[in-house]
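Below, read A as the first sequence line, B as the second, and so on, with proteins coming before strands; counting in each chain starts at 1. Quantities reported herein were computed from a predicted structural model and do not represent experimental measurements.
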2 protein chains.
Amino acid sequence: MPWPTEQKQRTRERIIESAVKLFSAQGFDNVAITDVMKDAQLTNGAFYAHFKSKQELYRKAITSAIKNSALAQDQEVDVSKLLADYLDINHVQQKTAPCPLAFLATDVATREKEVQIAYTDVYNNFINILNKQLSHSLSRKRQNYVLSALMIGGVAISRALSDEKIVLELLDACKEYGDELLVESNS
Amino acid sequence: MPWPTEQKQRTRERIIESAVKLFSAQGFDNVAITDVMKDAQLTNGAFYAHFKSKQELYRKAITSAIKNSALAQDQEVDVSKLLADYLDINHVQQKTAPCPLAFLATDVATREKEVQIAYTDVYNNFINILNKQLSHSLSRKRQNYVLSALMIGGVAISRALSDEKIVLELLDACKEYGDELLVESNS
DNA sequence: GTCTATAAATAGATAGAC
DNA sequence: GTCTATCTATTTATAGAC
């Protein structure tokens, strides 16, 4: 096939957008293709003109999700602000664009290798954004791993907890400690 | 119903054990009741003599998993050793008993409230174990939240990554930082 | 309590009209 | 390219024999 028309591209991206939203909120298996298509204002059958399987959509969704998440801006990122927005209750409750690293971590772990490769790409991108912003001391790399675990872990755990008081304490704790990590590393 | 026989109890626990193992490895939706029963050396139909639904099994599995995980010993826990065992590649690869907090975090987030309440109970238990071992300064509580996010997040992310080199770096980074947190808090 | 067989519902994927 | 209709497979849960 030669080139997809511009209209088809737009439809395709609408489907992916819906997929990111729904997969993040409910997990891969709890979302039917019909649900995604309905959200994109289409019906079941049209799906296969864009993707060859649900799995393929999952891969595209993870990869593209990063573009709409708080990590979007590749250029100048205020890491301290990123930290605050990421570990925010609004992110946990998906009132801002969900980061698939946090929302789909254990879900991805149960999928085939291709999906995990997509996740790993996104994760490396995340680490690179942190690296770009901060000094490159030897312990810097280590601190960025820690920062990523803190952020992703904090949000992932928060989503699974039923007690909002604990959620807020956890998020605050991670935020404060993350900030201390940043100060340390810039001195 | 009066009392379940001892034999029935044992069978029930075998089913739960299988469930913990399989749910952790593959996620709730990717494991059929038949799979669990087969692993427990039984067949499909016998399941409903023990549980009223798959959901109920999930709750029991999460709650009971903690007993077999690295967090088992309620009494004297060497937190530094716990940290090392938890953030170990063998735990990630499920060669030791999996901690449901790390293995099922985003999975639980997509289930109904009862499952999340079970998860929250286990999480509180985790935090309490940390609290019991360490001094009770004001910042102590904060540090335990951070420690939990580091451990659970580190393992959860590791499971989703396809690049083992990065996994080992991430685990090491979390381990080292976790240890520094412990030292800080005991001085 | 456990078995085999089956009911009932769901969902991924395909076929063919427009 | 999108629609409706359908095929097919899977899976939760139940029924009834042992």
Let me spell it out: for each of Asn44(B) and Gln7(B), pick the nucleotide of DNA chain C with the closest heavy atom. Which residue's pick is nearer the 5' end?
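Counting from the 5' end, the first nearest nucleotide belongs to Gln7(B).
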Considering heavy-atom distances to DNA chain C, does Asn30(A) or Gly45(A) have its closest nucleotide positioned more toward the 5' end?
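Its nearest nucleotide being more 5', the pick is Asn30(A).
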Distance-only polar pair, side chains of Tyr177(B) and Gln143(A), donor-acceptor under 3.5 Å
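There is such a pair between these side chains.
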Round to a whole Å and report the spacing from [atom1] of [X] to [atom2] of [N].
| X | N | atom1 | atom2 | answer |
| --- | --- | --- | --- | --- |
| Tyr48(A) | dC7(D) | OH | P | 17 Å |
| Asp29(B) | dT12(D) | CG | P | 9 Å |
| Met37(A) | dT4(D) | CE | C1' | 13 Å |
| Lys54(B) | dT12(D) | NZ | P | 4 Å |

Give the first and the last nucleotide of DNA chain C, reading 5' to 3', that has any atom under 4.0 Å from a heavy atom of chain B.
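Going 5' to 3' along DNA chain C, contacts run dG1(C) to dT4(C).
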To check you understand the geometry: which heavy-atom pair defines the closest contact between Thr96(B) and His91(B), and what is its length?
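Closest pair (atom of Thr96(B), atom of His91(B), distance): OG1-CA, 3.4 Å.
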Under 4.0 Å, counting only non-hydrogen atoms across every strand here, what does Thr11(A) touch: a base, just sugar-phosphate, or nothing?
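Result for Thr11(A) = sugar-phosphate.
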So what does Ser53(B) hit on the nucleic acid, given a heavy-atom distance under 4.0 Å: a base, only sugar-phosphate, or nothing?
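Sugar-phosphate contact only - Ser53(B) comes under 4.0 Å of backbone atoms but never of a base.
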Of all residues at least two apart in sequence or in a different chain, which pass the side-chain contact (heavy atoms from CB on, under 4.5 Å) check with Thr43(A)?
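Partners of Thr43(A) under the side-chain contact (heavy atoms from CB on, under 4.5 Å) test: none.
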Just jot down the salt bridge (charged side-chain N to carboxylate O under 4.0 Å, His left out) partners of Asp35(B), sequence neighbours excluded, or say none.
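Not a single residue meets the salt bridge (charged side-chain N to carboxylate O under 4.0 Å, His left out) criterion with Asp35(B).
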Within this structure, what is the OH-CD1 distance for the pair Tyr123(B) and Ile152(B), rounded to the nearest 0.5 Å?
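Between Tyr123(B) OH and Ile152(B) CD1, I get 5.5 Å after rounding to 0.5 Å.
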Which class fits the ring pair Phe28(B) and Tyr58(B): parallel under 30°, tilted 30 to 60°, perpendicular over 60°?
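Ring orientation of Phe28(B) relative to Tyr58(B): tilted.
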